[in-house]
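Report on one structure; see the data block that follows.
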Number of protein chains: 2
Amino acid sequence: MRNVPPHTIRLTYLIETDGSPERLAAKIAADQSTGTFVPVPGETEELKARVAARVVALRPLPPVKTPSYPSGHPGPFHRAEADIDFPFDAIGTDLAQLMTITLGGVWSIRGFTGIRVVAMHLPEEFRGAHPGPQFGIPGSRRLTGVQGRPIIGTIVKPALGLRPSETAALVKELIDAGVDFIKDDEKLASPAYSPLAERVKAIMPLILDHEQKTGKKVMYAFGISHADPDQMMRNHDMVLEAGGNCAVVNINSIGFGGMSFLRKRSGLVLHAHRNGWDLLTRHPGIGMDFAVYQQYWRLLGVDQFQINGIKVKYWEPDESFVASFKALKEPLFSEADCPLPVAGSGQWGGQAPETYERTGRTQDLLYLCGGGIVSHPSGPAAGVRAVSQAWEAAVAGIPLEAYAREHEELAQSLAFFGDGKAS
Amino acid sequence: MRNVPPHTIRLTYLIETDGSPERLAAKIAADQSTGTFVPVPGETEELKARVAARVVALRPLPPVKTPSYPSGHPGPFHRAEADIDFPFDAIGTDLAQLMTITLGGVWSIRGFTGIRVVAMHLPEEFRGAHPGPQFGIPGSRRLTGVQGRPIIGTIVKPALGLRPSETAALVKELIDAGVDFIKDDEKLASPAYSPLAERVKAIMPLILDHEQKTGKKVMYAFGISHADPDQMMRNHDMVLEAGGNCAVVNINSIGFGGMSFLRKRSGLVLHAHRNGWDLLTRHPGIGMDFAVYQQYWRLLGVDQFQINGIKVKYWEPDESFVASFKALKEPLFSEADCPLPVAGSGQWGGQAPETYERTGRTQDLLYLCGGGIVSHPSGPAAGVRAVSQAWEAAVAGIPLEAYAREHEELAQSLAFFGDGKAS
């Protein structure tokens, strides 16, 4: 975002209404700072200068016929993008306050038929004010020992229901298959049939034994999320003490408080799953863009960020994934605050060329394949090789079909997953 | 919810789709438990019995012509309510896991044109598993000394921008006006122009001095929210050590982690502001009902819960407020887990009769008036009296206009706010 004055937090809101977008932009600014409906004593000009938000630009957009929120009004529904500046001193660097003031009340305002937050610029005061990623891209590469290609990961499937010994047997197979990274499904933390302590005890010896023999330490992300930060820290400590180096955290379920508490005390790579996020973004006229949301979680300290991928099994279109990837690659204040993007869901290697081309030809990502590896017709080891081959082809600019002529595992993947049935 | 088997968590989803609601209900059950797109080794029948969610009822609803999520399909869009049962042992009592499994991935599933969670039933295993409200209704009454009528509260206005000495001057006036409860605006925590420590130092002596003189201790809710639970606890301690007994917490900004951490250590009444909530509920075909959302926060320990009111300044219709009020009054496991409902936004007393009639004729609520008290034409003391008079009339079944004939302050309120301009 250009030309933002210093000491200023700027948000951009996409406004949709059967009334006046200009009036509603002014209403956001008033409601989210000094505003109240009746004049009250003490609302002086000096006070307004101290804290008042101001609409600094309004860019009209073509109207739409169908409102985002149901409306009795026949339309058309006017739209505009409004830039609103908040004085830094009215908010400070606390992310809870930032959320409360710039987002909190916005969806409660009457008169919108749609309201979406599409951009946020934070001023220099935020530089160094938050921990940010502890490991990020360089730490993820160092700990996995993977350089010059994407980190290739997989998820233990089935998602839920395996006992620790059953999970361990699968993990053993995946380690032997040569994968760089393995994770618990985000829905697995510490249920009765698979307490985290038991799972750690069953899995970590396999990781360490393999490291002992080969020098390669597979990064295993254990599900440590818990609503109670004290319990989450006990989960964290269990993993760390057993020699583990990574954890899955369900960021929307633990909230800013859980994430902040964990990051300050963490010795693990924090792999963020954003389940619940779709509710905040799926309707194009309501909610917020990932470009806004991810800034909070990066400042809080996410090291690896799951953002779907190309041709996923979910609703999210490819261009939304590409925009998310680019948002993560954009430094907020320095490159150190960029987490490792994690492409996942329905990936099997077939999406490697498009992923590579559309995300700026980078190999700095974790490429996560569930069924795409474990369900390979010749087994997981062949699955891992097929994915590696797909990325080699993508980076070399060779079509997958051509590369597959001399790469058997990729050929099998193309035949088996080519109809889109990986998960 | 009736007839839920033991050891079972039941969610009800409102499904909307151009395809088959039945198929999508089955998809939620599969995706949120064992599900993946390709069969994977290890997905045995025994495992499915252990963790699989099951669709136990599907109630068709009339189709709609306009989809909730934009769709290229011409419609009609089929709708149904699906009850899905999750085995308790697959989830456990952790609220982060409960959210991740029953809500987390739901909005990511392809094929919906709308998806809303409308009910949740928790089994006996949750009884006593979470702290719940520490003070709730009886604690709020005991600490304010208010019995047999609603607790009458107000908000310091303007919302933001006052320095501590300016805030204190207003608070002095409000205390003298006879109000039971005063709160910081939810957007105020500890900005540069009004650090919490300074505000506490300026306000608490006024509260304590008034208590000394009159025996009445006004409950003041200080904004202590912070994304960092350690900092939030320091804020909490500051208030408690100065003799304060209440805090405003912005629950969506601090998340489950912040709330859980705070409640376990709290000596203050926790007054929840739910800013950001509207994004999760405003579209009737998307998101969730308050009946679901509030269960999490009650178990986590909210003592007082802001839920808007009748004829508010926001988008929320009256029937939604009434449903929220009723949800809060319904014990989850015992009456002790019911927080005090807080009716606010645009209230001035005029809504007292309808509030009383539609919420089950209870006076167990905190009735919060901002401009409705401080902007009363004869000043805040008259504002408080007018609100009390309105509630006396409501409970006695006397129309406000009739009661106002012998109650001057109420008459002034009717003349001044009767056109709906309170805030």
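In what follows, chains carry the letters A, B, and so on, assigned in the order in which the sequence lines appear, proteins first and then strands, with residues in each chain numbered from 1.
Annotation for B:Pro191 and A:Asp89: closest pair CB-O, 3.8 Å, computed over non-hydrogen atoms. Across all non-hydrogen atoms, the minimal contact from B:Val51 to A:Tyr193 is CG1-CE2, 3.4 Å. Closest approach of B:Gly257 to A:Pro229, counting heavy atoms only: O-CG, 3.2 Å. Here the closest non-hydrogen pair linking B:Gln97 and A:Glu186 is OE1-O, 4.4 Å.
Looking at A:Leu279, both its backbone and its side chain come within 4.5 Å of chain B, counting heavy atoms on both sides. Residue contact with chain B, scored on non-hydrogen atoms closer than 4.5 Å, involves the backbone of A:Leu188 exclusively. Residue B:Leu103: no heavy atom, backbone or side chain, is found under 4.5 Å from chain A. Contacts between B:Met288 and chain A at a heavy-atom distance below 4.5 Å involve the side chain alone, from C-beta outward. Interface remark: A:Ser194 contributes no atoms to any contact with chain B (heavy atom separation under 4.5 Å). For B:Ser68, the part lying under 4.5 angstrom from a heavy atom of chain A is the backbone only. Using a 4.5 Å cut-off between heavy atoms, A:Phe112 contacts chain B through both its backbone and its side chain. With a 4.5 Å cut-off on non-hydrogen atoms, B:Arg163 touches chain A through its backbone and its side chain both.
With sequence neighbours left out, A:Thr113 forms a side-chain hydrogen bond (donor to acceptor under 3.5 Å, both in side chains) with A:Glu16. Taking A:Asp230 as the reference, B:Lys264, B:Arg265 meet the side-chain hydrogen bond (donor to acceptor under 3.5 Å, both in side chains) condition, with sequence neighbours excluded.
Residues A:Leu160 and B:Ile101 have side chains in contact (heavy-atom distance under 4.5 Å, counting atoms from C-beta outward). Taking 4.5 Å as the limit, some side-chain heavy atom of B:Tyr69 sits within range of a side-chain heavy atom of A:His283. Side-chain contact check for A:Val106 versus B:Asp278: every heavy-atom pair is 4.5 Å or farther apart. At least one side-chain heavy atom of A:Asn252 sits under 4.5 Å from a side-chain heavy atom of B:Met99. A heavy-atom distance below 4.5 Å is not found between the side chains of A:Ile254 and B:Phe256.
Taking CG of A:Leu95 as the start and OG of B:Ser225 as the end, the distance is 13.0 Å to the nearest 0.5 Å. With rounding to the nearest 0.5 angstrom, the CZ atom of A:Phe261 is 14.0 Å from the CD atom of B:Gln231.
Contacts with chain B were tallied for A:Gly287, A:Gly258, A:Ser108; A:Ser108 has the most, counting heavy-atom pairs under 4.5 Å. Contacts with chain B were tallied for A:Gly92, A:Gly104, A:Ala192; A:Gly104 has the most, counting heavy-atom pairs under 4.5 Å. No other option in B:Gly255, B:Ala96, B:Gly285 has as many heavy-atom pairs under 4.5 Å with chain A as B:Ala96. Contact count versus chain A (heavy atoms, under 4.5 Å) is highest, among B:Ser253, B:Gly105, B:Ser260, for B:Ser253. For the set A:Leu98, A:Leu300, A:Asp228, the count of heavy-atom pairs under 4.5 angstrom toward chain B peaks at A:Asp228.
In terms of modelled atom types and a separation under 3.5 Å, the side chain of A:Asp94 and the main chain of B:Ala227 share a donor-acceptor contact. Within the 3.5 Å criterion, the main-chain N or O of B:Trp107 finds a donor-acceptor partner in the side chain of A:Arg282. One N or O on the side chain of B:Lys187 and one on the backbone of A:Asp31 form a donor-acceptor pair closer than 3.5 Å. Distance alone, capped at 3.5 Å, places no donor-acceptor pair between the A:Arg110 side chain and the B:Glu316 backbone.
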